[in-house]
Every structure is written in C-alpha cells, then in structure tokens.
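Numbering of ligands and ligand atoms starts at 1, following listing order.
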Amino acid sequence: MRLTIIILFAFIFLFSCNNESLKDKGSLGPSVLGKEAAIVSPHPISTAIGLEILRQGGNAVEASIAVQYAMAVVYPRAGNIGGGGFAVISNNGNNRALDYREKAPLASTRDMYLDRNGDVIKGLSTEGGLAVGVPGTVDGMFQLLEQYGSALSMKELIAPSIELARKGFAISKSEADRLNKFKEKFVKNNPFDFPFVKLNEWKAGDTLKQEKLAVTLEKIADNGKDGFYSGDVANHIKSASSRSGGILTLDDLKSYASAWREPTIARFGECEIISMPPSSSGGIVLSQILTMLEELGYSKFNSPNQIEYIHTLVELEKRAYADRAEYMGDSDFYPVPISELLDTTYLSRKLENFSMEQATVADSIYNDANFQLKESYETTHTSCLDKNGMAVSITTTLNSNYGSKVYVQDAGFFLNNEMDDFSTKPGVPNQFGLVGGEANAIQASKRMLSSMTPTIVVKDNRPFLILGSPGGSTIITSVLQVFLNVELFNMSLEDAVNAKRFHHQWLPDRIIVEEERFDSIVINDLNAKGHHCNEVKSIGKVKAILYENGKIYAVGDPRNLDDTAGAY
Ligand code: DON
C-alpha cells in the first residue's frame, strides 16, 4: 500500500505539475523551502521517493539509498547499479566517507589501452567491454545501511524502484533526447533487443519498462549483496563483459569491497568543509584551493564577477590541479602524500610565484588550448538533510552517458566506462582533458582517480551546506564556486547555484567559461593578463541544501531541467 502511494505520488508529480506550480505547492520543485528535512536529486521521481522516505521517518542515509536505486531506474544515463560512487556523511559531529568507486578488473595491466607502438588506442577505454571497471554501487549501499540504517530494511528501500522498473514510468524530454542521440552506439554495442532501443524516436512521456532490471533489483532485495556479486546476476555481468571484449571475471565481482575513508577537512572562515579523499581528488583539490585563498586573503573580493577574483581562483585552480596530475591516485596502491598536500607551509610556497597582474603559464608537458569536451556528460548527485541533522552527500556515476554503452542483456542495466579515469599513458589526456602519471597508472584492483566531490560544510557545529555536482573535471570547481558564492558573497542558494561558472584545470592551459554569460570586458581583461578563455555550453549541475536560521533551502540546478528538490 505504502509503495503504491509513493509511486502514485511520483506519477502525479511528473504528469500534472510544472515547476512553478510545484514551487507554489511547497514540497517539490526546482527550489523549495522546508523546516525539517530536504533532498535534491537529478530526477523528480527519485526525489519524490526520497522525500517520502524522509516523511515516513527514514533517516538521510536511508532516503539517499532509496534515491540511488530509483535513479538506476529513472535516470539510466548516470543513475546506476553498474557503476560506483562516493558518500560523505556528517552525523552530529561524526564525519565519515565511503569509497565505493569501481576497481580495475584483476586481469588489467598498465598498458592495456596501448598499441604495439605504445600509442593509446582511441575509444578502448571509453566504449565497449574493456572500458568497464568492477561496479561498486550495490556494495556501497549495503555498507551505508549497515552502518547507518535505523527504521527501514533494504527491501523496503528498493521496493519503489522494483515497481517503477516493472510498471514503467514516463521519460522526460532530456532522457528522450539522450536515448535518441545514443541509439547508434546502443545498437553497435548490443546486438539484441533491449528496452532502450525502439524503432521510432523516443518522445517525452513515452513509457520505459525494465522487467529484467526489476528482477535484478528483487534479487538484491532478497539476497543482499550476493544477489548482485554472485549467482545469476554475476554470471550475466560476466557474459556481457566477455561478449563485448571485456575482462571481468566472477572473482572480480565476488571480491569487490567498498572502503571507509577519513574525509578531508578544510577550514575556511567559520566553516569546516568536509569532502572526499582518494580515490577521489575532490576533497584534496578543494581544500588546497580554499587554504590558498585564505592565505592570500579574500576580504578584497566583493563580487564573483570581479576580474581579480576570477584571476585569483583560476591561478589557485591551476596549482591544485597540477598536484592532482602529479600526486593523486588510489591511496590503497600509491602513497598519496595527503597531509603534505594539505600542509599550509607547502601551500604558501605554491603561492610564491602568484601575481595579481599576470597569469602563470602552465608547465607544458601537454598543452592543447583547443581541447574540447566531445560529449555532454552525466553523473548524479544527491544531497540530503534529515530532521535529526544527519547530512548525506552522494555522487555516483557510470562516467559517460550510459557508461560503456554495454548493456547486461539478462540483468537489465548498463555497465560503466570508468576505466577511462585512469591515466592510460602518462601525459595523454582522458575524455575530460585530465592528465596523470604514475600515481594514477592502471593496476589490477586499483581504483581510478575521480573528481567527484560530495561535500558537507559544517558551521556552528551543524550542517550548513550540503552540495555536489556532475561535470567530470569541473565538479570540484563547481562545488567551490557555489560554496564561495554563499559564504563569501552572501548570495541566496538559488542565486549561488544559478550564477555563471568558470574553470581551469592546469592542463589544457585555458579557462573555460559558460557561453554567453560572461561580459566581453571580463574576457578581454582576463586575456590581457595572459589567460586564454574558451566558451563551453555549461559547467556542472549543482544540487545543494542550505540550513540557515531554522530554514532549509533545497535547490536543483536550472542547467538540468529534471533536477528536483523536495523538502517539508
Ligand atoms: O569520477 C570522475 O571524476 C568522473 N568519472 C565523473 C564523470 C562525470 O562527472 C560525468 N559527467 N558529468
């Protein structure tokens, strides 16, 4: 009965409301206000499910788990059980981070993407079976529930998603557009009938049913982690990998385990910024930039449009992303010098060649100012705050849209293409233009370095801002800018998320700016300082929750029309 109500609620929401009327109704919309609890995710149905769990007394972890499974059904381009991710939790002063990132299969080798001449074979790490890392999401969800579950069982948390997969749901315009765009790749990688390919074009409102996924979710609900990592589902994953040129084995699946990590904590003004340590670079890079900004002093900045502010942030981003390329990788395999990288003396030294007048030229190992992102990318982020002050920030992905495009025919889901996040060859950029070396070289069972930055800002001993974003390499700087818009420039959360963004990642040596949003005077002034600006369509899609003066503001990003916030 309760499940039917949840599904009904989600359907009514999807069919009958436009965003404005939702805003008026208060509890669900692009940006909403609440008093007790809130959740934001990239899809209206997953947010509706999470909000209902919160209303029923589920805590922030439980609501977030239900949302992860719902996204695997309604947001198949990035929501997943075939991928991995990161969770940061702040529970009344107790801060923890869970790493359920994919791992390289046991048969992986350092040069697996190189030809005889030692050149990278194009496409091998991004599409097809060899691009797939061992999925971590299902294990991650069980770890989270084991540590934080209170009221609800995994069965109850997955149940709404099983019903959605079986009965189907109406797809949004953006999903229809993506499905049409990727049809050719779906067919190429999957020579059989499956629910994502149909004769005609997809349109908004078409129903997508996923019976095989419903059965897989039932197996997970009934058998726990083993329902995915052994038995039928594991066999189906292995078959999908073998038929598409992959190397996943049953041992890979059986041995997968998430890892609890000590989160990174940076101090900025009155705030503590809690974020994700390796195997993500997010927390370290974010902390480095904020620490260097404190060192330089920020009282001179009064607007995010100020040239000096943009120049300064870009210069700090360059320095931190250079460290990312040199020193960061999976700390279980490579001795990432985390405390040294966060050391204030080390960071002060990095500022010795900082000039407010002139851009520092990035060291040119690789320097292609014309590098452009080729595809639009998707990852999901969920922010959640419950009535007892527990905050959860989760970012999870398949990497590219629909991951490797390899679909597990008999179990109903896409497999990730996360292997591309490794450095396939020193100095050769991945799909996000990121370079790396030894620290992020491929090794069996190692995790590929991520930029995902699920973050919780604590102020006055309670969660103040919960945020995260998709966007590959731009995730970190999107999170950074929204935080600074709120904390430094006192912007409302809605304005802070909407505000135009820019990004520098050391190499390629150029600033990307959101198209048509920056004044030409600003661009000219930046160029005059020696920067090179390239326009891109948009940067990041931040989902954030702010707690202030007893009010909870929850905001999705207008850059994704499906982003939905819920609060009560
Ligand atoms: O872990 C990472 O940094 C990437 N695999 C994230 C991919 C991503 O954000 C794609 N799109 N928005």
Nitrogen or oxygen of [X] less than 3.5 angstrom from that of ligand 1:
X      : result
Ser450 : yes
Leu449 : no
Ile475 : no

(message) Does atom CD (Gln147) have a neighbourhood of more than 12 heavy atoms from anything else shown, all under 6.0 Å?
(response) yes
(request) Inspect the surroundings of OH in Tyr327 and state if more than 12 heavy atoms from other residues, nucleotides or ligands are less than 6.0 Å away. (result) no
(request) Just jot down the ligand 1 atoms closer than 4.0 angstrom to any heavy atom of Ser451, in number order. (result) 1 (O), 2 (C), 3 (O)
(request) List every atom of ligand 1 that sits less than 4.0 Å from any heavy atom of Met452, numbering the atoms from 1 in the order shown and giving each element. (result) 1 (O), 3 (O)
(request) Please state which part of Glu418 comes within less than 4.0 Å of ligand 1, counting heavy atoms only: side chain, backbone, both or neither. (result) side chain
(message) Does only the side chain of Asp421 get under 4.0 Å from ligand 1, or the backbone, or both, or neither? Count heavy atoms.
(response) side chain
(message) With a 6.0 Å cut-off on the ring centroids, do Tyr407 and Tyr402 count as close?
(response) no
(request) On the 0 to 90° scale, with breaks at 30° and 60°, tag the Tyr75-His43 ring pair as parallel, tilted or perpendicular. (result) perpendicular
(request) Find the distance between OG (Ser404) and CD (Glu127) and round it off to the nearest 0.5 Å. (result) 8.5 Å
(message) With a cutoff of 4.0 Å, is Arg101 in contact with ligand 1, counting heavy atoms of the residue only?
(response) yes
(message) Under the criterion ring pair (Phe, Tyr, Trp, His ring centres under 6.0 Å), I'd like the reasoning laid out for Phe186 against Phe414: C-alpha separation, chi angles, the key distance, then a yes or no.
(response) CA-CA 10 Å; Phe186 290 163; Phe414 286 101; 5.2 Å; yes
